[in-house]
Amino acid sequence: MSEDPLDPHAHLDDSAAEGALRPPSLAEFRGQPRVSEQLGLVLDAARARGQVPDHVLLSGPPGLGKTTLAMIIAHELGQPLRISSGPAIQHAGDLAAILSGLTEGEVFFLDEIHRMSRPAEEMLYLAMEDFRVDVIVGKGPGATEIPLEIPRFTLVGATTRAGLLPGPLRDRFGFTGQLDYYEAGALVGIVARSATLLQVELDTPSAEVIASRSRGTPRIANRLLRRVRDYALVKASGRITPGVAAAALELYEVDELGLDRLDRAVLDAICVRFGGGPVGLSTLAMSVGEETETVEEVAEPYLIRQGFLMRTPRGRVATRRAWNHLGLAVPATHTDLFSTGQE
Ligand SMILES: Nc1ncnc2c1ncn2[C@@H]1O[C@H](COP(=O)(O)OP(=O)(O)OP(=O)(O)O)[C@@H](O)[C@H]1O
């Protein structure tokens with residue numbers, strides 16, 4: 001796993017602190033007002049009926065709060081939480097073991113659900129719908145399927161790419177929450193709350209500097225706060241001002257739009273090495289020395305959202321904004337491309 005302090009995938013930096021900063025209830029969960037309200041309703045209704053709620057699918061880029069919401073669901077329902085992930089469940093038997101060990105009403109959080117093996121996925125269909133798994137006993141022609149009842153549970157699936165889930169799996173979730181990048185105001189609130197929990201004095205203008213460079217992502221906001229705190233301690237007698245926050249983030253190569261080293265490397269590769277594109281994803285990933293998934297799921301969504309690049313059927317293409325942000329002149333050929341209405 002990467003140790004890059006700005007990588008939203010990286011959990012290891014002060015991971016205990018990250019856990020301590022998770023809001024424990026929906027009331028303390030900021031941002032995502034629609035998902036939060038809809039989910040609150042699902043939980044309230046289930047509680048009122050005294051039943052186990054529908055299965056919940058949470059999708060969105062890393063670090064936006066999917067794990068946090070799964071923990072909140074369990075907490076709000078007063079149920080234990082079991083955590084696993086798609087890549088950890090390669091055999092149907094692994095899943096059968098987990099499911100048969102659940103207690104009635106337990107919340108089962110399955111991260112990266114799109115990366116589960118096919119046989120496990122098929123077992124999950126039945127478990128989600130009928131609360132039953134078919135365990136195969138024996139081998140070859142003598143093998144028999146033994147149906148096994150499992151306790152009613154709530155599955156909370158998380159994925160960075162809901163589109164990658166097969167239709168039959170997606171259809172079995174009663175509620176899907178699509179998490180989006182956070183608005184600046186919500187991030188300021190998150191940073192302020194974290195600062196209080198970390199016993200760091202932080203005024204609103206400084207919180208705004210951190211929030212505005214956090215790529216709309218609470219995990220990054222919390223991490224940047226910790227880096228700013230360190231910087232202030234070493235260089236500014238512990239006092240955080242907007243100038244100190246900006247200088248700290250400059251040091252960590254986070255620019256004023258929140259773009260980090262990988263984001264800029266991607267833009268630089270498209271604009272400079274590939275003449276603005278179109279360039280295929282795998283070529284692009286290789287040229288910045290990253291996994292295709294990291295480029296596609298971490299860097300691209302934010303760059304697209306910020307209008308720096310476009311996905312086209314022929315590959316990734318930089319927009320004028322990308323050239324401008326890198327301080328480069330837009331080549332004439334690309335001015336032509338965008339003036340044809342593709343921007
Ligand atoms: N709405 C929120 N309010 C306050 N803090 C939040 C919120 N959402 C996320 N966080 C903080 O951001 C961190 C990352 O959240 P979380 O681990 O839930 O993200 P995730 O979407 O599950 O990411 P991944 O897919 O990479 O596991 C948590 O430590 C939590 O403190």
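For ligands, and for the atoms within them, numbers begin at 1 and follow the listed sequence.
Here atom 30 (C) of ligand 1 lies nearest to Thr68 when heavy atoms of Val35, Leu187, Thr68 are compared.
Close contacts between ligand 1 and Pro23 involve ligand atoms 3 (N), 4 (C), 5 (N), 6 (C) [criterion: under 4.0 Å to a heavy atom]. Residue Pro62 approaches ligand 1 through these ligand atoms, each under 4.0 Å from one of its heavy atoms: 23 (O), 25 (O), 26 (O). If you number the atoms of ligand 1 from 1 as listed, the ones under 4.0 Å from a heavy atom of Lys66 come out as 18 (O), 19 (O), 20 (P), 21 (O), 22 (O), 25 (O). Using a 4.0 Å cut-off to heavy atoms of Leu21, the atoms of ligand 1 that qualify are 31 (O). Using a 4.0 Å cut-off to heavy atoms of Pro218, the atoms of ligand 1 that qualify are 6 (C), 7 (C), 8 (N), 9 (C), 10 (N), 11 (C), 12 (O). Atoms of ligand 1 found under 4.0 Å from any heavy atom of Asp111, numbered from 1 in the order shown, are 27 (O). Atoms of ligand 1 found under 4.0 Å from any heavy atom of Tyr182 (numbered from 1 in listed order, with element): 1 (N), 2 (C), 7 (C), 8 (N).
Looking at ligand 1, you'll find an N or O of Gly65 within less than 3.5 Å of one of its N or O atoms. No N or O atom of Ile190 sits closer than 3.5 Å to an N or O atom of ligand 1. Looking at Arg193 next to ligand 1, no N or O pair under 3.5 Å apart turns up.
Here the options are Lys66, Arg115, Glu112, His114, the test is side-chain hydrogen bond (donor to acceptor under 3.5 Å, both in side chains), and the partner is Thr159; only His114 passes. Just one residue in the list Gln306, Arg215, His325 forms a side-chain hydrogen bond (donor to acceptor under 3.5 Å, both in side chains) with Asp263, and that residue is Arg215.
Under 4.0 Å from ligand 1, not a single heavy atom of Thr160 appears. Within the 4.0 Å heavy-atom criterion, the part of Asn222 lying near ligand 1 is the side chain and not the backbone.
In summary, Arg305 and Asp180 engage in a salt bridge, as defined by a charged side-chain N under 4.0 Å from a carboxylate O.
At a 4.0 Å cut-off, at least one heavy atom of Gly63 sits close enough to ligand 1 to count as contact. Look at Ala158 and you'll find every heavy atom at least 4.0 Å from all atoms of ligand 1.
The nearest pair of heavy atoms linking Pro53 to Leu77 is CG-CD1, 3.6 Å.
Heavy atoms of other residues, nucleotides or ligands lying less than 6.0 angstrom from CD of Gln90 number more than 12. Within 6.0 Å of the CZ atom in Arg311, the count of heavy atoms belonging to other residues, nucleotides or ligands exceeds 12.
Taking the six-membered ring for Trp and thresholds of 30 and 60 degrees, Phe131 and Phe153 have ring planes more than 60 degrees apart, a perpendicular arrangement.
Atom-to-atom distance recorded for Ile210:CD1 and Leu225:CG is 5.0 Å, nearest 0.5 angstrom.
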Take Thr103 and Glu106, measure what side chain to side chain donor-acceptor pair (under 3.5 Å) needs, and give me the verdict at the end.
CA-CA 5 Å; Thr103 54; Glu106 192 162 353; 2.9 Å; yes
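Under the 6.0 Å distance and 45° angle rule, Arg30 does not count as a cation-pi partner of Tyr182.
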